[in-house]
Every structure is written in C-alpha cells, then in structure tokens.
Amino acid sequence: MKLEHLEARIEAILFSMGEAVELSAVAAAIGQDEDTTRKIINNMADKYDSEDRGIHIIQLDGAYQLCTKPEMYDTIVKITHIPKKYVLTDTLLETLSIIAYKQPITKLQIEAIRGVKSDHAINKLIEYNLICELGRLDAPGRPLLFGTTEEFLRCFGLKSLDALPAINPEKLADFRLEAEEELQLKLEI
Amino acid sequence: MKLEHLEARIEAILFSMGEAVELSAVAAAIGQDEDTTRKIINNMADKYDSEDRGIHIIQLDGAYQLCTKPEMYDTIVKITHIPKKYVLTDTLLETLSIIAYKQPITKLQIEAIRGVKSDHAINKLIEYNLICELGRLDAPGRPLLFGTTEEFLRCFGLKSLDALPAINPEKLADFRLEAEEELQLKLEI
Amino acid sequence: MSIPIKLEAFEGPLDLLLHLIDKNKINIYDIPIALITEQYLDYIRQMEAKNLDIMSEFLVMAATLVKIKSRMLLPAPENEEEEGADPRQELVERLLEYKMYKYAAEELKDKQQDAARVVFRAPSIPKEILDYKEEVPVEELLDGLTLAKLYEIYKSIVKKQIEKIDPIRSKFGKIEKEEVNISARFVEIQEYGLVHRKFSFRELFKDQHSRMNVIVSFLCILELIKIGRIKIEQENLFDDINIIYMADDIIQMEEAGF
C-alpha cells in the first residue's frame, strides 16, 4: 500500500470519527503496526502545519484528533457562533489543579489541601467531564478516587499529563532560598 | 492576504461547520467577493483530489461541504468495528464472584456484601451474558434474583453449580444449621 | 484595622491566610503569628455568619493560629533535644502546598484560554455503520480467569465484610419505629370502658407501655372528659386515678371532633 493512501485513510478516519482516536485503533484500521502508524501520523502532522491548511492533528495521551488551528478562531467566529466554553471559577480551577497534579486522589485528600469542603467543586468538574472516578481506594470506607479525563487534556491543550505546566521552578527556588535564610537566622539566635 | 491563508481559512470554516456552507457565507467570512471565493474553493478542490487526502469538498447547490471520499468507506467501517479487547474490571470480577458463590442473590444482598451500589456492575455482567435473572424473591418488593448463566458454566467447564468450589466448609455447616433451625421454627408455628 | 475585601473572595481559610501574609509582605516561613492571628480574627468578625459550614472552616484555622500563638508564648522545655520544633512548621507546609496548587491553577487558566481557540467537529459516521453491534465474546472476557482465582476474590470480599463489622455497634439492639394509631386507641378505650365501666388509668396499659402509647392514651382520656363521656376521680393524693365510663355507646374520633 502506498504511503499516500495510508495518509488518506488516516485523514478520513480522524475526520469522520470527530473525537480522539487511539493510535492502536488507527493502526488496526489501516493494517499497519503502531510504530509505522505513528510515523505516518507525524509525517501528516508536518503537512498540516503548512500555511494553506486550516486544520491540524493534535495528540491527546496517545490518541489523535483533528481540529482547527488556533489562529483560525477569528475567522470561524465570523461565520458561526462558537459555543462559549464554560468559564471555570477559581474554586474549580484550584480543585482541578490539585486533582491534575495529585491523581488519583480522594475527596478527603483534596479537602485537606484546600482546607474547605469540595463536594460542589468535584461534582461540577465531573459534570463538565474534566474529571472522572478512577475506582476506589482500598481503605476504610472505600473512598472514590478521582483523576482527569481526556476532555481535560483537550480543554487545556495538553498532549498528556506529562505536559502539565511545571510548577514554576524559579518560584520553588525562591522558596527554598528563603527557607535556608530562615534557617541561618535561627542558628544565629 | 496570501492565497494560502485564505485556503486555510476556508478549510477551517468547512471543517468546523460540518454541514454545507453557502458560497456567500464563505465569501463574507474571508472578506472576499464570491467570484474570487469560488475560484479559491475550486483550486482547493483540486488539491483535495490528491491521493494523500481522505477528505474532499463537494458542491451542493452553490454550497460547499467537506466529507470523506467514497473510497474511504471500508476504512471507516473498519475503524468503527475494531474488535475491542474485553476484560473484566475488578468491580465486575468482585460482583461476579459474589453472584457465583451466593446465587440466587438479590441486588440488595450483593450491595450489602460489597458495601457499594452495584447496578452498573450487574448490568454489565448481564450484557456480557455472564449472569441472568433467576426469578423474584418472595419478599416485599419482590426483588429480582440473579445467578450465573449456562454460558458462564460452559466457560469454566463446570457441569453444574455443584462443581463450584465449596465455600469455607465450616461456614457452610453454620449456614446449614441456621437454615434447619429456621425450618424448625416454621414447622412449630 | 479593617480589610476592605469581601470575604467571599477567598477560597477558604488557607487562601485568607495567604492573603494576609502577602499583604503584610512577610516571609511565609516566618509568620508573625500574633499579628496574623489578630488580622485573621478581625476578618472573621466581619464575616456574615450565613453559612455555618464555611464559617466553621475559618474558625478552625483561627483556632489553629491561636494554638500556635500560645505554644510560642510558652517557654520551650529546656532539655529539648530536637531543634526546630517550630509550632508553625505544619502550617507552613500546608500553606506552601496550597500556594503551589493555587499557582498551578493560574497556569492552567492561561492554557485553557489558548486551548479554547480550536474547534472540533462532531463525529459523522453513517448510522448504519454505528448501529452494528458486536457480540461480546465471553471466552475472551474470562480469559485468564480460573475458578480458583474467582474463589480467591470471593474469599477476600467475605473477609473484608467480616472485618467491617463494628464489634460494638453490631451488638446494639434494633431501633424500631412504633406506630400508634390515635383514632384506633380512641375507640379502644371506649370499648374497654363500655365493658368495665370503672377502671384505673393504669389498667389501660396492662400490656402496652411504650411512651408514645401512654401519651396518646392520655390525650384520648382528656378528650373523652372534655366531651363528657367519662369522668375521673381520685380518692387520695397519689392514689390511682379511676375512670368511670358514662356513655352507652362508642363514638369515632371524627364524630367527637377530636
């Protein structure tokens, strides 16, 4: 099978599926192994980057999805009403970031960090499909464990959880420095 | 504005709209007259005909729409019918084991043992044809009784449920004693 | 001093604390507990105690601050070996962790704004392709599962269930809801009166002595006195109260207008 035909098939798959498609599924559908398929998709991604294309392939945790390029936003808004994505309140963002960085995590652990009840925030995040239940912790009461969803990756433009913004290393260094200074002070006393 | 940028915009528009878009609407969105827009779209259509593309532009009564090429049909059938890998989750295994060893059993009894709601697990096991309804318990509300299916037995090469490994023999003796006492009580009344 | 920001602006007690630390331009590791506690309490005073849940969370933090403050005022034990047992340490750890996630939340907010600029499309798979439903292969589903394994799982569940039983509470008796029917009791008392004519109040509870039953019976007696169907007498203080039934029939509660 010619490479071009395989590319065409992958484009058709991603276009018609709409949602993110696992690499393994794409590979099975075009009858190639995953490594080859990944290479083909990467090659396609380069072509999409060309300036006469308005769409491109994004990667979500080993799955692929077609979407418009960010710079097309203004044009699309002109022709259609893009449903406003929900605005996340500070409460929701705070809760979401704890879940994103500490998953899998229980409600109690979230509340311990925030210092406040978080039922409402958790329910809202589930409603928005940004987090989901990941099973239960094998502890008394078998509390539910929460983690982020694929939709979370999509909404925040992350390829995978590894792409979560690193918590500012400079800030962390500052904190450490302060702590050391403090220690010095103590020793002097 | 470079031609390439206009093409990119049109692709983004057709992709995000999904349905057919009137020429006039496309023209307005990219800020060009209809003639120019038509020419650009025709030019794009030629590019889509290239064999590395799986989608193309179709024209419908002066409107344009993106869709997969007809020859992609088989590929799309394949991607939607990729045999899934079916596995029993821990929750399903847990529920199945309870039903296997305590059948016939009601949903409430299962939930009492597991300590959590089990509707989803029971429904999935029914869907997988591993358990089935065995009738109703003669108790208030006449709850459904569940047990394992013949399919389940066949898979484990069991002739009948008697072949299921015995539950802790001591426990079983206890159960029997209780049952007998209960019977005695009933007879006395 | 007053803090000119509405309380709802804070996510919780840690958030408020961070704000105060920031406002006073102090090092998180070196919180002047006395000053912060005062400002913190000041703040709580301005709080409208509408939501007890929220209020209590702030109060817990205030109590923690006061506790740390008092511990810092106490002279340290002289033979203290482990240095640096700063009572603020735990609070500092919590604040740092919280600050980290608050910071990450801001970063995520930016990411979300960028990511919101792309548009996806809905699936467009022909219906006839989607409608095709595959049968679930049971063999595959049970692949690798043996009866022994299934039995192990079952045993572990049963074991967990036994461990879960509370050794103390499981011995408590059952609490049963009792049903006392006033109108039935109203008729019952009259029936008893018609047969016995004169009887003691106590007699009415020969075999039923739940509190609710006594109360309901007492109410019925009062009502029957009021409508003149019975009268009562008591010869000496603390003697049994005798009830004399005077009517020749029985009326329902509705007829009595009870």
Side-chain angles (χ1 to χ4, degrees), chain B residues 12-19 55 65-68 73-74 76-90 92-102 110 112-115 124-125 127-130 148-158 163-168 171, chain C residues 112-179 181 207:
Chain B
I13 288 169
L14 296 180
F15 177 86
S16 55
M17 295 292 281
E19 63 214 21
I55 54 178
Q65 183 169 7
L66 264 187
C67 63
T68 53
Y73 188 81
D74 292 341
I76 294 165
V77 171
K78 266 196 205 140
I79 189 82
T80 46
H81 295 165
I82 286 179
K84 280 185 224 127
K85 185 86 189 118
Y86 288 102
V87 274
L88 290 177
T89 60
D90 288 350
L92 292 187
L93 272 175
E94 207 177 285
T95 313
L96 181 62
S97 81
I98 293 169
I99 295 171
Y101 288 94
K102 302 235 5 161
I110 297 169
I113 294 174
R114 294 191 58 224
K124 264 274 172 268
L125 289 172
E127 189 194 317
Y128 291 160
N129 192 26
L130 291 171
T148 49
T149 58
E150 278 180 27
E151 183 77 358
F152 170 85
L153 295 180
R154 200 178 51 72
C155 279
F156 283 111
L158 300 173
L164 276 174
I167 305 164
N168 182 351
K171 263 234 160 85
Chain C
Q112 192 197 15
Q113 271 157 13
D114 294 342
R117 292 177 67 83
V118 305
V119 179
F120 296 88
R121 74 187 289 282
S124 56
I125 307 278
K127 196 172 174 300
E128 78 269 13
I129 298 183
L130 277 182
D131 284 351
Y132 175 84
K133 211 172 174 197
E134 202 172 352
E135 257 192 45
V136 182
V138 177
E139 271 98 352
E140 190 190 316
L141 208 53
L142 299 179
D143 192 32
L145 182 66
T146 60
L147 263 188
K149 220 165 159 182
L150 197 64
Y151 184 50
E152 280 304 311
I153 295 168
Y154 176 70
K155 268 200 316 201
S156 73
I157 300 166
V158 171
K159 194 165 153 266
K160 251 191 234 159
Q161 195 198 6
I162 291 166
E163 284 166 356
K164 229 172 27 196
I165 295 171
D166 186 323
I168 297 170
R169 267 183 283 184
S170 62
K171 294 202 183 83
F172 286 178
K174 251 192 201 159
I175 299 169
E176 277 172 23
K177 188 179 166 203
E178 51 177 336
E179 305 273 346
N181 185 329
D207 39 26

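To find a chain, count down the sequence lines: A is the first, B the second, and so on, and within it residues start at 1. Worth saying up front: this structure is predicted, and the values here are computed from it rather than measured.
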| message | Could you report the tightest heavy-atom contact between C:I153 and B:E94, atom names first, then the distance? | response | CG2-CA, 3.8 Å
How far does [atom1] of [X] sit from [atom2] of [Y], to the nearest 0.5 angstrom?
X      : Y      : atom1 : atom2 : answer
B:I99  : C:L150 : CD1   : CG    : 10.5 Å
C:S124 : B:I76  : OG    : CD1   : 7.0 Å
C:R121 : B:L14  : CZ    : CG    : 10.5 Å
C:K149 : B:S97  : NZ    : OG    : 13.0 Å

| message | In terms of relative ring orientation, are C:Y151 and B:Y101 parallel, tilted or perpendicular, with 30° and 60° separating the classes? | response | tilted
| Got more than 12 heavy atoms from elsewhere within 6.0 Å of CG, C:D114? |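 Counting neighbours around CG of C:D114, more than 12 heavy atoms of other residues, nucleotides or ligands fall under 6.0 Å, so yes.
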| field | Contact class of B:I98 relative to chain C, heavy atoms under 4.5 angstrom | value |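 Contact with chain C involves both backbone and side-chain atoms of B:I98.
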